[in-house]
Participant: 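Structure provided below as structure tokens; questions to follow.
Chain naming here is simple, since letters A, B, ... match the order of the sequence lines and numbering starts at 1 in each. Owing to the predicted nature of the structure, the values given are computational and were not obtained by experimental measurement.
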Amino acid sequence: MNIEGRIAEVVTQSIEELSGQAPKLGQVVLQRTRKDFEGDLTLVVFPFVKLMRRSPEETARFIGDLLVEKLDEVERFNVVKGFLNLSLSNNYWLEFIRKNTGDPDFGLVKPSAMPEKGTEKPVVVEYSSPNTNKPLHLGHVRNNLLGYSVSCLLQGAGRKVVKVNLVNDRGIHICKSMLAWMRFGRGETPESTGKKGDQLVGDYYVRFESELRDQVRQLMEDEQLGEEEARREAPLMKEAQELLRRWEAGDDEVVKIWKLMNGWVYEGFDATYKRMGVDFDKIYYESDTYLLGKDTVLDGLQRKALYRKEDGSVWADLQDEKLDDKLLLRADGTSVYMTQDIGTAQLRYYDYQPELMVYVVGNEQNHHFNVLKKVLHKLDKPYAEAIYHLSYGMVELPQGKMKSREGTVVDADELMDEMEATARRMTEELGKTQDFSDAEKKELYHLIGLGALKYFILKVDPKKNMLFNPEESIDFNGNTGPFIQYTHARIRSVLRTAGKERLMRVHDFSADIELQEKEKQLIKTIYDFPGVVKEAAEEMSPARIANYVYEVAREFNQFYHDHSILNEPDKQLSDFRLCLSELTAQTIRNAMGLLGIRVPERM
RNA sequence: GGUUCCGUAGCUCAGCUGGAUAGAGCAACAGCCUUCUAAGCUGUGGGUCCCAGGUUCGAAUCCUGGCGGAAUCACCA
């Protein structure tokens with residue numbers, strides 16, 4: 001048992017002995033002592049003063065005496081008001097460093113500790129889920145980074161994770177791009193234009209919308225139609241719908257073009273994903289799942305869990321849930337978004353029997369997932385309760401929401417270009433890479449640029465909307481990814497200088513060391529890492545990790561500024577500091593890894 | 001209008017299941033490189049934690065009601 005547990009045990013026992021009544025479970029609260037007080041752990045004694053029938057100070061002193069007496073690790077204590085501040089022995093902290101230095105998995109649940117393969121039910125995490133008609137933008141970037149990081153987080157906490165992507169490859173949107181390409185494309189391909197496939201297809205989507213706008217304007221003028229009606233009546237729109245009908249009917253020519261253009265998009269997405277550093281264990285395509293959704297709905301209809309209206313459309317009655325009824329199949333038998341999601345949930349359950357199905361999807365779809373759960377419940381699906389919507393906030397620009405129509409979307413590829421360019425400029429200004437090869441430079445700028453971007457996005461609480469200002473480019477100083485990466489590189493530099501042989505040897509440094517304030521602070525923060533991973537995984541909040549690892553880096557830099565490591569004349573002390581530095585670097589590496597951010601050896 | 005989420009320094013954000021005097025970064029100003037990487041460190045100024053009640057020994061945190069903002073309430077996805 002860890003020290004917190006043992007302290008809590010002694011406290012509980014002694015209170016019970018003395019007052020004849022045990023404190024309630026949540027009443028024994030142990031927390032880190034605040035920096036401005038002496039001590040390591042603090043017990044809040046207010047909850048027991050009534051039981052003990054003594055003043056808070058007396059109660060605290062009583063418990064403090066007992067702890068010092070019973071536990072070797074508790075060396076001394078002081079009492080401030082109702083707060084009992086406990087100081088643990090130097091040896092306790094030194095032992096912690098000695099035990100964990102050199103462990104590459106520090107803070108993570110080791111793969112060996114995980115149950116046998118196949119015996120544990122996995123968590124399926126769906127993220128990204130792009131439409132195939134346009135390239136990825138900043139909103140998708142937040143989604144991808146969150147999804148990937150949450151997957152790492154769950155894995156780091158010992159869960160088995162399956163990362164899946166659900167590609168929305170069918171529907172009217174792709175037909176629009178197809179139509180514009182057929183009409184205006186003159187056989188253009190990614191090869192012939194040198195454009196990324198997703199960008200090319202996106203261009204045709206934009207082309208469609210602009211041509212459609214012209215037609216709509218014309219119709220509104222000529223026929224005096226309202227905008228909505230004009231959109232419906234526009235020839236291009238009708239053609240797009242016709243294309244969709246032909247696709248659903250399996251028309252060879254249409255399917256051929258559909259496959260061709262989707263193929264281009266996938267190549268483009270793959271490049272973007274790779275560059276972003278995210279990946280998937282399994283890719284689902286909506287074109288494969290929507291039919292299963294249809295079947296599931298029809299099956300539900302047969303079992304009278306759903307009902308059919310006179311026009312033939314199929315609905316779920318959600319009156320009991322105080323929600324409006326939800327359409328699941330149109331009168332013409334075609335499916336809607338919800339139908340498709342019923343199908344994918346079903347398929348996913350077949351494929352993995354997951355304990356939990358996480359959907360990383362923006363908060364604009366809160367209602368959708370609420371309804372999805374209710375409908376699955378109605379259909380008696382056992383996995384209805386397994387669905388968890390990890391709802392995240394929008395990325396806003398200073399002008400407000402990104403709008404493709406107003407050309408204010410921030411393209412993912414361009415953004416990464418800019419981040420890498422900034423990384424290059426900053427690094428060259430600082431003159432840090434003179435002895436790097438071209439390949440090393442390229443790699444480093446990628447690593448730093450992406451690190452800055454990822455950290456910037458992940459440090460914000462997922463559920464909150466966040467602001468991105470393209471004018472002020474993302475910072476590289478202060479609470480940023482590069483600052484943390486830099487701290488890691490700094491430590492690695494020291495460790496390199498020390499040399500491998502010495503590092504191996506120092507792992508059991510002598511114990512007889514008096515700890516300095518900055519050293520102790522750093523140790524205590526690192527000590528928290530495993531607990532932080534656990535909590536972050538439970539909350540599915542990478543932000544928790546991001547803010548934590550920043551604290552680690554900040555504290556290391558203070559320590560580094562105040563104390564020498566290799567130049568420390570006391571050999572034992574030098575050895576210890578080397579270990580502390582090594583464990584700090586490992587903590588930073590592992591924490592950043594959970595965010596999907598890599599750290600450099602040199603920068 | 002109903003539902004959900006958000007509101008903390010000039011700006012961007014932390015603040016864990018209620019705990020001590022509310023913290024960082026940016027921006028501003030002032031310092032620190034003959035010593036292991038200055039993308040660093042130190043200091044100064046900057047707060048009605050949206051407002052009002054309530055619960056509690058104790059509330060930025062929990063509850064109720066306002067105010068402000070966002071999302072959603074589709075036979076779009």
Participant: Does A:K322 get its side chain close enough to the base of B:U3, under 3.5 Å, for a donor-acceptor pair?
Facilitator: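 When only heavy-atom distances are counted, A:K322 does not reach the base of B:U3 through any donor-acceptor pair under 3.5 Å.
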Participant: Report the base-pairing partner of B:C62 (Watson-Crick or G-U wobble, both distances below 3.5 angstrom), or none.
Facilitator: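 Its partner is B:G54.
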Participant: Which base, if any, makes a Watson-Crick or G-U wobble pair with B:U72, both distances under 3.5 Å?
Facilitator: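 Looking at the geometry, B:U72 pairs with B:G2.
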Participant: Name the nucleic acid region contacted by A:H488, choosing base, sugar-phosphate or nothing; use a 4.0 angstrom heavy-atom cut-off, strictly under.
Facilitator: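 Nothing, no heavy atom under 4.0 Å.
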Participant: Tell me the partner of B:G40, counting only Watson-Crick (N1-N3 plus N6-O4 or O6-N4) or G-U wobble (N1-O2 and O6-N3) with both under 3.5 Å; none if nothing fits.
Facilitator: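 By the stated definition (distances under 3.5 Å), B:C32 pairs with B:G40.
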Participant: Taking it one step at a time, do A:Y205 and A:F208 satisfy ring-ring contact (aromatic ring centres under 6.0 Å, His included)?
Facilitator: CA-CA 5 Å; A:Y205 185 76; A:F208 175 92; 7.1 Å; no
Participant: Looking at every strand, decide which applies to A:S581 at a 4.0 Å heavy-atom threshold: base, sugar-phosphate, or nothing.
Facilitator: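 Touches nothing.
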Participant: What is the nucleic acid contact for A:I448, judged by heavy atoms within less than 4.0 Å: base, sugar-phosphate only, or nothing?
Facilitator: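 Base contact - A:I448 has a heavy atom under 4.0 Å of at least one base atom.
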Participant: Kindly indicate whether the side chain of A:N557, heavy atoms from C-beta on, has any atom under 4.5 Å from the side chain of A:F483.
Facilitator: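 Touching, per the 4.5 Å side-chain cut-off.
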Participant: Hey, which of these two, A:F46 or A:A543, hits RNA chain B nearer its 5' end, going by closest nucleotide?
Facilitator: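 Nearer the 5' end of the strand: A:A543.
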Participant: Any idea which of B:A20, B:C75, B:A70 is nearest the A:R34 side chain?
Facilitator: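 Closest of the options to the side chain of A:R34: B:A20.
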Participant: With distance as the sole test, does A:H367 use its side chain to make a donor-acceptor pair with the main-chain N or O of A:E364 at under 3.5 Å?
Facilitator: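 No; judged by distance alone, with no hydrogens or angles, the pair does not exist.
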Participant: So, under a plain 3.5 Å distance rule, would you say the side chain of A:R490 forms a donor-acceptor pair with the base of B:C36?
Facilitator: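 Under the 3.5 Å cut-off, the side chain and the base do not form any donor-acceptor pair.
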Participant: Figure out the CD/C1' separation between A:E551 and B:C41, and round it to whole Å.
Facilitator: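 So the CD-C1' distance, A:E551 to B:C41, works out to 17 Å.
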Participant: Does the distance from a Lys or Arg side-chain N to an Asp or Glu carboxylate O, for A:E555 and A:K35, drop under 4.0 Å?
Facilitator: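 Salt bridge flag = yes for A:K35 with A:E555.
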Participant: Nearest of B:G7, B:C36, B:A39 to any side-chain atom of A:P482?
Facilitator: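 From the listed options, B:A39 comes nearest.
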Participant: Name the nucleic acid region contacted by A:V44, choosing base, sugar-phosphate or nothing; use a 4.0 angstrom heavy-atom cut-off, strictly under.
Facilitator: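 Result for A:V44 = base.
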Participant: Of the candidate nucleotides B:C76, B:A70, B:U42, which contains the atom at the shortest distance from the side chain of A:R330?
Facilitator: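 Selected nucleotide (nearest to the side chain): B:C76.
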Participant: Ignoring hydrogens and angles, answer whether the base of B:A39 and the side-chain atoms of A:T487 contain a donor-acceptor pair closer than 3.5 Å.
Facilitator: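 Looking at the base of B:A39, it does not pair with any donor or acceptor on the side chain of A:T487 (distance under 3.5 Å).
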Participant: Are A:F476 and A:Y486, when compared by the centres of their aromatic rings, separated by less than 6.0 Å?
Facilitator: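 No; A:Y486 has its ring centre 6.0 Å or more from that of A:F476.
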Participant: In the structure shown, which nucleotide is the Watson-Crick or G-U wobble counterpart of B:C26, with both distances under 3.5 Å?
Facilitator: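 In the structure as shown, B:C26 has B:G10 as its Watson-Crick or wobble partner.
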Participant: Expressed in angstrom and rounded to an integer, what is the separation of A:Q558 atom CD from B:C41 atom P?
Facilitator: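 In whole Å, B:C41 P and A:Q558 CD are 7 Å from each other.
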Participant: Is any N or O donor-acceptor pair between the side chain of A:D311 and the base of B:C75 shorter than 3.5 Å?
Facilitator: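 Yes, a donor-acceptor pair under 3.5 Å.
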Participant: From C-beta outward on A:H561, which listed nucleotide comes closest to its side chain: B:A77, B:C41, B:G25?
Facilitator: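 Looking only at side-chain atoms, A:H561 lies closest to B:C41.
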Participant: Is it the case that B:A39 (base atoms only) and A:T480 (side chain only) share a donor and an acceptor within less than 3.5 Å, ignoring hydrogens and angles?
Facilitator: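 There is none.
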Participant: Among B:A38, B:C75, B:G7, which is the nearest nucleotide to the side chain of A:K464?
Facilitator: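 My answer, after comparing the listed nucleotides, is B:G7.
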Participant: What's A:D562 touching, base or sugar-phosphate or nothing? Going by heavy atoms closer than 4.0 Å.
Facilitator: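 Nothing: the residue A:D562, judged by heavy atoms under 4.0 Å, touches no strand.
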Participant: Using the P atoms only, state how far B:G46 lies from B:A22, rounded to an integer number of Å.
Facilitator: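 Roughly 14 Å separates the two P atoms.
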Participant: When we call it a touch if two heavy atoms are under 4.0 Å apart, what does A:P56 touch: a base, just sugar-phosphate, or nothing?
Facilitator: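 The residue A:P56 makes no contact with any strand.
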Participant: Could you state the atom-to-atom distance from CD of A:E555 to P of B:G40 in whole Å?
Facilitator: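 A:E555 atom CD is separated from B:G40 atom P by 16 Å.
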Participant: Taking A:R502 as the fixed residue, which of A:T497, A:L495, A:D575 is the one that meets the side chain to side chain contact (heavy atoms under 4.5 Å, CB included) rule?
Facilitator: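 Testing each of A:T497, A:L495, A:D575 against A:R502, the sole residue satisfying side chain to side chain contact (heavy atoms under 4.5 Å, CB included) is A:D575.
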Participant: Considering every strand and a 4.0 Å limit on heavy-atom distances, what is the contact class for A:N131: base, sugar-phosphate, or nothing?
Facilitator: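 Sugar-phosphate contact only - A:N131 comes under 4.0 Å of backbone atoms but never of a base.
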Participant: Given atom CD of A:E428 and atom P of B:A39, what is their separation to the nearest angstrom?
Facilitator: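 Rounded to whole Å, this separation is 15 Å.
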Participant: Classify the nucleic acid contact of A:N85 as base, sugar-phosphate or nothing, counting any heavy atom under 4.0 Å across all strands shown.
Facilitator: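 If one applies the 4.0 Å heavy-atom cut-off, A:N85 turns out to touch a base.
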Participant: Please classify the glycosidic conformation of B:C33 as syn (within 90° of 0) or anti (everything else).
Facilitator: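 This nucleotide is in syn.
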Participant: Identify the pairs formed between an N or O of the protein and an N or O of nucleotides 72-74 of chain B at a distance under 3.5 Å, and give each distance.
Facilitator:
none

Participant: Starting the side chain at C-beta, find the nucleotide from B:U21, B:A38, B:A24 nearest to A:Y560.
Facilitator: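 So the nucleotide nearest the side chain must be B:A38.
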Participant: Can you tell which of B:A70, B:C41, B:A20 lies closest to the side chain of A:K81?
Facilitator: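 The closest nucleotide is B:A20.
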Participant: Searching all strands shown, indicate the nucleotide that pairs with B:C16 (Watson-Crick or G-U wobble; both distances under 3.5 Å).
Facilitator: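 Looking at the geometry, B:C16 pairs with no nucleotide.
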Participant: Check the distance between B:A77's C1' and A:L372's CG and give it to me in whole angstrom.
Facilitator: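 Between C1' of B:A77 and CG of A:L372: 14 Å.
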Participant: Of the nucleotides B:C36, B:U42, B:C26, which one has an atom closest to the side chain of A:D475?
Facilitator: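 Given the options B:C36, B:U42, B:C26, the side chain of A:D475 is closest to B:C26.
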Participant: Kindly point out which of B:C36, B:C5, B:G19 is positioned nearest to the side chain of A:S564?
Facilitator: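 The closest nucleotide is B:C36.
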Participant: Closest to the A:L467 side chain: B:G7, B:C41, B:U12?
Facilitator: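 When the side chain of A:L467 is considered, B:U12 is the closest of B:G7, B:C41, B:U12.
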Participant: Let me know the distance between CD1 of A:I474 and C1' of B:C11, rounded to the nearest Å.
Facilitator: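 Whole-Å distance recorded here is 15 Å.
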Participant: Check the distance between B:A14's C1' and A:E535's CD and give it to me in whole angstrom.
Facilitator: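 Distance, rounded to whole Å: 15 Å.
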Participant: Would you give the length of the straight line joining atom OH of A:Y388 to atom CE of A:M540, rounded to the nearest 0.5 angstrom?
Facilitator: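 If I round to the nearest 0.5 Å, the distance is 5.5 Å.
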Participant: Between A:W258 and A:S287, is any pair of side-chain heavy atoms under 4.5 Å apart?
Facilitator: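 Yes, side chains in contact.
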Participant: Which is more 5' along RNA chain B, the nucleotide nearest A:L430 or the one nearest A:F456? Just name the residue.
Facilitator: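 Its nucleotide being nearer the 5' end, the pick is A:F456.
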Participant: For A:M603, answer base if it contacts any base atom (sugar-phosphate contacts may also be present), sugar-phosphate if it contacts only those atoms, and nothing otherwise; contact means non-hydrogen atoms under 4.0 Å.
Facilitator: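 Here A:M603 touches the bases of the nucleic acid.
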Participant: Quick one: A:K134 NZ to B:A77 P, roughly how many Å, whole number?
Facilitator: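 Taking NZ of A:K134 and P of B:A77, I get 13 Å after rounding.
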